[in-house]
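Scroll down for the structure; my scribbles are underneath it.
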Amino acid sequence: MSSVLDRPSAAAGPRPAPPRRRTRILALPEARWALAALVLFLAALPLHLLGTPAWLWGPLFAAVYVAGGWEPGWEGLKALKEKTLDVDLLMVVAALGAAAIGQVLDGALLIVIFATSGALEAVATARTADSVRGLLDLAPETATRLADDGTEETVPADSLAVGDVVLVRPGERIGADGRVLDGAGDVDQATITGEPLPVAKRPGDEVFAGTLNGSGALRVKVERDPSESVIARIVAMVEEAAETKAPTQLFIEKVEQRYSLGMVAATLLVFVTPLLMGSDLRSTLLRAMTFMIVASPCAVVLATMPPLLSAMANAGRHGVLVKSAVVMERLGQVDAVALDKTGTLTEGTPRLTDLRPLDGSGLDEDGLLRLAAAAEHFSEHPLGRAVVDAARARDLDPPRASDFSSAPGTGVTATVDGRAVTVGSPTRLLDDPAHPAAVLAAALEGEGRTAVVVTLDGRPAGVLGIADRLRPEAATATRALAELTGRAPVLVTGDNPRAAARLAAEVGITDVRAGLLPQDKVAAVHELRNGGAKVLVVGDGVNDAPALAAAHTGIAMGRAGSDLALETADAVVVRDELATIPTVVSLSRRARSVVIQNLVVAGAFIAVLAVWDLAGTLPLPLGVAGHEGSTVLVGLNGLRLLADGAWRRAHPDVR
């Protein structure tokens with residue numbers, strides 16, 4: 001069990017996050033061009049609507065086309081050179097075609113939409129890269145290397161070699177993966193394993209680069225090259241998952257190539273065939289342009305986006321940040337869930353759960369807690385804070401302690417009301433395994449608690465049980481996810497198997513995978529995916545980031561989530577409300593249903609208008625009105641998902 005630290009240290013406070021090194025949005029060219037296009041459009045729009053002369057708004061709209069359309073147009077031309085038809089190029093062509101037949105405003109709006117979409121994608125990519133680079137800051141830049149004669153030398157951490165011995169002082173980060181040769185201390189290794197409490201390290205124990213030493217100096221022998229440390233492998237796994245993850249596409253984009261090629265071919269036929277049969281150029285061009293407008297894929301794309309964007313906005317109002325329309329669609333496809341334990345199913349903060357005074361100690365529960373809280377008053381260790389917080393919650397007034405001292409791996413000692421009080425590890429304070437205190441401690445640890453013994457003048461007086469508290473809605477959310485996906489979630493955690501099994505039993509999870517390092521969590525996700533499942537991973541820590549990246553969809557808990565997890569995840573639960581996760585999955589499925597409805601409506605309009613144009617003479621204004629009317633119709637249908645009622649209806653009814 002983890003011991004109580006002897007003095008305040010960095011390990012005792014909130015777990016440090018890597019320094020933010022965020023790319024400024026306007027440093028990205030896509031963002032600058034999109035902003036320019038938007039500003040120009042907003043300047044031209046009122047002039048156009050007020051009926052001012054064309055020479056006032058015309059140049060502004062032309063600048064919109066250039067600012068927002070040159071980059072997707074250029075990329076589309078390069079794709080065309082590779083014999084690939086890019087839908088962005090078709091959007092630019094459609095916008096230019098709209099302008100050519102007098103629909104300048106419609107074309108400019110289309111350009112702004114696509115430029116903004118490209119900018120958002122570029123920002124998301126840059127922010128993910130920032131968070132991966134920031135992860136490297138978890139490992140210290142320098143380390144104290146010990147020479148054979150015992151002299152100290154400060155060297156760059158990345159220059160350490162296997163076999164080197166380093167000195168890690170209290171409050172310092174460990175510079176490399178290795179094994180403790182000498183000393184004892186409590187190490188916060190939540191970034192690697194996700195364990196909620198610092199872990200006592202003694203000679204022979206393994207330690208990881210980037211983890212934080214509490215109290216007590218450690219001499220560590222380096223066992224891995226810095227480039228092969230666990231923290232370095234986390235970076236590599238996140239980057240690899242980002243590169244190898246299947247390209248994300250909306251449902252309609254899966255058929256965009258064939259549809260676009262077919263539309264271009266049909267437009268050319270509509271234009272060329274009448275010319276060969278002697279028709280005049282103007283009427284033929286007008287018919288072809290009308291056909292291209294009514295058959296344009298932009299109508300279908302716009303029919304797809306409003307439901308997804310509305311669902312995103314609704315989820316955002318209820319505390320779930322979904323990062324893109326693609327993610328909102330993918331959430332509804334998941335059929336397996338993997339949940340982290342600490343900080344996800346639990347609150348990530350230890351709480352006092354049990355007070356067990358021993359018979360003959362002369363203490364009741366409050367008396368035992370007063371003594372323990374008095375001794376722990378000067379401690380900043382999470383266990384000590386849990387004891388002090390519990391005393392405050394009971395409105396107890398612990399007496400003042402003196403002669404406070406601490407020993408790593410053992411506990412704290414103080415004089416309270418003239419008596420010596422020690423609070424610490426059962427393995428250090430109890431010699432007889434048959435002693436009632438040892439039996440109580442073993443029973444608590446068997447239930448997944450961390451047991452702490454309180455001694456009074458050297459004699460055991462009672463045992464405290466401390467545990468990370470389960471979130472109130474954890475069991476309900478787990479059942480809801482099981483009903484939505486048709487299978488119970490899997491628990492994947494770096495915590496010990498005993499604590500994981502206890503918590504899993506409380507929430508109804510039977511598949512428990514404990515003691516996992518980050519690469520083990522990724523392997524678990526791959527195992528589920530190889531079985532044909534589309535996996536949703538929910539986590540909050542640096543150690544969860546590779547699994548979040550490797551999953552079909554990843555959701556991070558927002559309040560205590562690490563920067564890397566928040567940037568890597570596809571969605572963020574801002575207020576850490578687990579119950580919103582099954583609700584947003586259900587809402588995504590409703591949005592997909594609305595998308596299918598809209599595609600049917602949009603397809604029907606396209607088919608009718610296209611046949612009309614080919615078989616008869618479809619007036620251009622009527623074609624544009626029909627095209628825009630279908631877009632308005634499906635847009636209004638999608639906006640239904642903005643209502644609070646849509647969120648309430650999506651909330652699973654779990655009994």
Side-chain angles (χ1 to χ4, degrees), residues 87-88 90-91 94 109-110 113-114 116-118 120-121 124 246-260 262-263 294-318 320-335 484-485 534 536 552-553 555 570-571 580-610 626-652:
V87 73
D88 286 358
L90 289 180
M91 291 302 98
L109 178 59
L110 192 59
I113 290 173
F114 272 79
T116 303
S117 175
L120 291 175
E121 183 178 352
T248 54
Q249 292 180 302
L250 289 171
F251 169 74
I252 190 58
E253 290 176 345
K254 296 177 182 178
V255 296
E256 71 181 21
Q257 285 292 309
R258 294 180 181 179
Y259 182 88
S260 300
M263 191 199 75
V294 299
S296 171
C298 66
V300 180
V301 171
L302 291 175
T304 305
M305 292 299 289
L308 298 174
L309 294 177
S310 297
M312 287 171 60
N314 201 338
R317 289 203 312 270
H318 291 88
V320 183
L321 172 63
V322 180
K323 294 185 178 180
S324 71
V326 171
V327 173
M328 178 53 72
E329 185 186 51
R330 290 167 68 93
L331 277 168
Q333 300 170 355
V334 300
D335 52 15
L484 283 170
T485 60
K534 294 180 178 178
L536 168 65
H552 177 268
T553 311
I555 296 180
D570 301 301
T580 60
I581 295 177
T583 305
V584 78
V585 171
S586 179
L587 183 65
S588 170
R589 294 184 178 183
R590 288 178 179 269
R592 283 171 57 82
S593 297
V594 174
V595 166
I596 292 173
Q597 295 171 16
N598 285 350
L599 289 175
V600 171
V601 172
F605 268 82
I606 289 174
V608 170
L609 294 174
H627 180 268
E628 297 302 322
S630 66
T631 302
V632 171
L633 182 62
V634 298
L636 291 175
N637 189 39
L639 290 176
R640 292 188 298 113
L641 294 177
L642 275 174
D644 285 338
W647 180 266
R648 290 194 299 271
R649 286 190 294 273
H651 194 284

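Each residue takes its place number in the sequence, starting with 1.
- To the nearest 0.5 Å, atoms CE (M312) and CD (E329) are separated by 12.5 Å.
- Counting only distance, with no hydrogens or angles, the side chain of T583 and the backbone of A650 share no donor-acceptor pair below 3.5 Å.
- With sequence neighbours excluded, the residues forming a side-chain contact (heavy atoms from CB on, under 4.5 Å) with L321 are V572, V574, listed by chain and number.
- Proximity of T553 to K534: side-chain heavy atoms (C-beta onward) are nowhere separated by under 4.5 Å.
- The shortest non-hydrogen separation linking A646 to R640 is CB-O, 4.0 Å.
- Distance check, rounded to the nearest 0.5 Å: CG of L587 to CG of L641 gives 6.0 Å.
- In this structure, the side chain of R589 does not engage the main chain of S586 through any donor-acceptor pair within 3.5 Å.
- Of the possible donor and acceptor atoms, none in the side chain of R649 sits under 3.5 Å from a partner among the backbone N and O of R590.
- To the nearest 0.5 Å, the span separating CZ on R330 from CG on L308 amounts to 13.0 Å.
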Could you go through the side-chain contact (heavy atoms from CB on, under 4.5 Å) check for D570 and L331 one step at a time?
-> CA-CA 9 Å; D570 301 301; L331 277 168; over 6 Å; no
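- T485 OG1 to L536 CG: the interatomic distance, rounded to the nearest 0.5 Å, is 9.0 Å.
- Of all the heavy atoms in V584 and A315, the pair that sits closest is CG2-CB, 3.9 Å.
- When atom types are taken as modelled, the side chain of N314 and the backbone of A643 share a donor-acceptor pair closer than 3.5 angstrom.
- A search for side-chain contact (heavy atoms from CB on, under 4.5 Å) contacts involving V601 returns F605, L633, V634, not counting sequence neighbours.
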